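These values consider heavy atoms only, across backbone and side chains, with no hydrogens, waters or symmetry-generated copies. Owing to the predicted nature of the structure, the values given are computational and were not obtained by experimental measurement. Residue numbers start at 1 and run along the sequence shown.
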Amino acid sequence: MDVGNHSTILEFILLGLSADPHVQALLFVLFLVTYLLTLMGNLSILLVIRTDSHLHTPMYFFLSDLSFLDFCFSSATLPKLLESLLSQKKIISVKDCMAQVFFLLDSGSTEACLLTVMAYDRCVAICHPLLYDQMMSNQLCKGLAWGSWVLGFLDALINILLAMNLDFCENQSIPHYSCELPSLFPLSCSDVSTSFAVMLCSTLLRGLGTCVLIVFSYTLIVSTILSIRSSTGKSKAFSTCSSHLTAVLLFYGSAFLRYVMPISSSPLELIFSVQYSVVTPLVNPFIYSLKNNEVKAALRRNLRKYLQYFR
């Protein structure tokens, strides 16, 4: 399409979740509390794992990475959402919009890879407990973590470079509370077929590829657990991966639907986006702390230590 007859825009309007001022005020309080709890929860997990020597194992090394990632994930969306809920002009520049798209893609892609690595870690711990320390060496753990971040960065970089070549004109309204790649395609007056195809392929490759690896890991885990004779042993083995499995279902279910479903500007899109970009970073630290006896014991030890310090 010839864009010479169009005036290229420099900013978008985020329509957000509601136009009602009273509802916006309620949403502001709700998302502010959510953001503060997300920051507190994930920073607490990071602090506890770093300071408690009992948690200096591969499993908690990856969990600390996940907590830092969730901290970044929520920070890419919620501050701008809170600002929009307080402002009458809910605008965001094209540059800031592209930056938000990049960080959301980077965080989401990295989390998908990291959850896969955590599934492998649980597989080794349950299927090969005697060789766990040897197989999950410190060097390998760091390599897997860095590999997740690099793959996430490259995935986001490829998509954002194509998106930056799009021309946006006429329609400035994004029917969303944040900038996400699927919401930008209908606003472009240039050909989006290549960018859309790359986004779809990268989403399917990343989503299905990591899902296959996670399913394969859990197939081995379930097979090993079923071979354990004692019910206590089965329960203990399953409890070590139940938190991770819950986090996987929360993240993959909503993220996959958001990026694969047709672009329809339906309320379901907002629900799925809130689920994986707001709710998941909030509940992950609580899932791992409430369902993990070692984390709960570490939290109690640190709490007693701080209480004694302030006495």
Side-chain angles (χ1 to χ4, degrees), residues 9-44 69-105 107-108 111 163 168-188 246-247 249-287 290:
I9 65 170
L10 299 176
E11 59 188 24
F12 295 117
I13 300 173
L14 296 172
L15 298 182
L17 299 171
S18 174
D20 188 327
H22 299 290
V23 175
Q24 287 183 5
L26 180 62
L27 289 174
F28 175 81
V29 174
L30 176 62
F31 283 112
L32 177 61
V33 172
T34 299
Y35 186 47
L36 293 176
L37 288 174
T38 300
L39 298 185
M40 290 173 57
N42 286 291
L43 290 177
S44 296
L69 189 58
D70 283 335
F71 171 87
C72 298
F73 206 169
S74 60
S75 296
T77 303
L78 283 173
K80 184 60 184 179
L81 172 58
L82 293 171
E83 178 189 338
S84 297
L85 290 171
L86 289 179
S87 175
Q88 291 184 345
K89 294 183 178 180
K90 306 178 188 305
I91 60 173
I92 182 171
S93 68
V94 173
K95 291 182 179 180
D96 289 344
C97 187
M98 290 297 174
Q100 192 174 65
V101 169
F102 173 80
F103 285 115
L104 283 174
L105 284 173
S107 301
E111 184 151 345
F168 300 98
C169 45
E170 296 181 353
N171 185 11
Q172 297 177 261
S173 301
I174 298 178
H176 208 277
Y177 61 84
S178 66
C179 289
E180 295 189 29
L181 202 51
S183 300
L184 298 183
F185 292 145
L187 307 183
S188 177
T246 304
L249 294 174
L250 281 173
F251 176 78
Y252 276 85
S254 53
F256 187 77
L257 289 171
R258 171 66 181 104
Y259 279 88
V260 175
M261 68 183 298
I263 302 170
S264 59
S265 301
S266 69
L268 282 177
E269 290 186 25
L270 294 176
I271 294 173
F272 293 140
S273 293
V274 170
Q275 172 67 48
Y276 84 87
S277 65
V278 178
V279 177
T280 299
L282 168 67
V283 300
N284 272 348
F286 295 100
I287 290 173
L290 294 177

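With hydrogens and angles left out, the side-chain atoms of Y35 and S75 include a donor and acceptor closer than 3.5 Å.
Counting heavy atoms from C-beta outward, L282 and S74 have side chains that stay 4.5 Å or more apart. Side chains of S107 and L69 form a contact here, defined as non-hydrogen atoms less than 4.5 Å apart. Within the 4.5 Å cutoff, no side-chain heavy atoms of L78 are placed close to those of P281.
With K90 contributing its side chain and I13 its backbone, the two residues share no donor-acceptor pair below 3.5 Å. A donor-acceptor contact shorter than 3.5 Å is absent between the side chain of S87 and the backbone of E83. Judged by distance alone, with hydrogens and angles left aside, the side-chain atoms of S188 form no donor-acceptor pair with the main-chain N or O of F185 at under 3.5 Å. Between the N42 side chain and the P285 main chain, no donor and acceptor come within less than 3.5 Å of each other.
Taken from CG in L36 to CZ in F31, the straight-line distance is 13.5 Å, to the nearest 0.5 Å. Atoms OG1 and CZ, on T38 and F73 in that order, are 11.5 Å from each other to the nearest 0.5 Å. Taken to the nearest 0.5 Å, the CZ atom of F102 stands 14.5 Å off from the SG atom of C97. To the nearest 0.5 Å, atoms CD1 (I91) and OG (S84) are separated by 9.5 Å. The structure places CG of L26 at 12.0 Å from CZ of F28, a figure rounded to the nearest 0.5 Å.
Scanning for salt bridge (charged side-chain N to carboxylate O under 4.0 Å, His left out) contacts around E11 gives an empty result, with sequence neighbours left out.
A side-chain hydrogen bond (donor to acceptor under 3.5 Å, both in side chains) check over residues 92-105, counting only residues at least two apart or in different chains, returns the pairs S93-D96.
In terms of heavy-atom proximity, L187 sits nearest to S173 at CD2-O, 3.3 Å. C179 and V101 get closest at one heavy-atom pair: O-CG2, 3.5 Å. Here the shortest heavy-atom pairing between D70 and E111 reads OD1-OE1, 3.0 Å. Contact between G108 and F251 at its shortest, heavy atoms only, is O-CZ, 3.4 Å.
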Verify side chain to side chain contact (heavy atoms under 4.5 Å, CB included) between L184 and M98, making sure each step is shown before the conclusion.
CA-CA 10 Å; L184 298 183; M98 290 297 174; 4.2 Å; yes

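The one candidate from L14, L85, V278 that meets the side-chain contact (heavy atoms from CB on, under 4.5 Å) condition with Y177 is V278.
With a 6.0 Å radius and a threshold of 12 heavy atoms from other residues, nucleotides or ligands, F103 has its CZ atom at or below the threshold.
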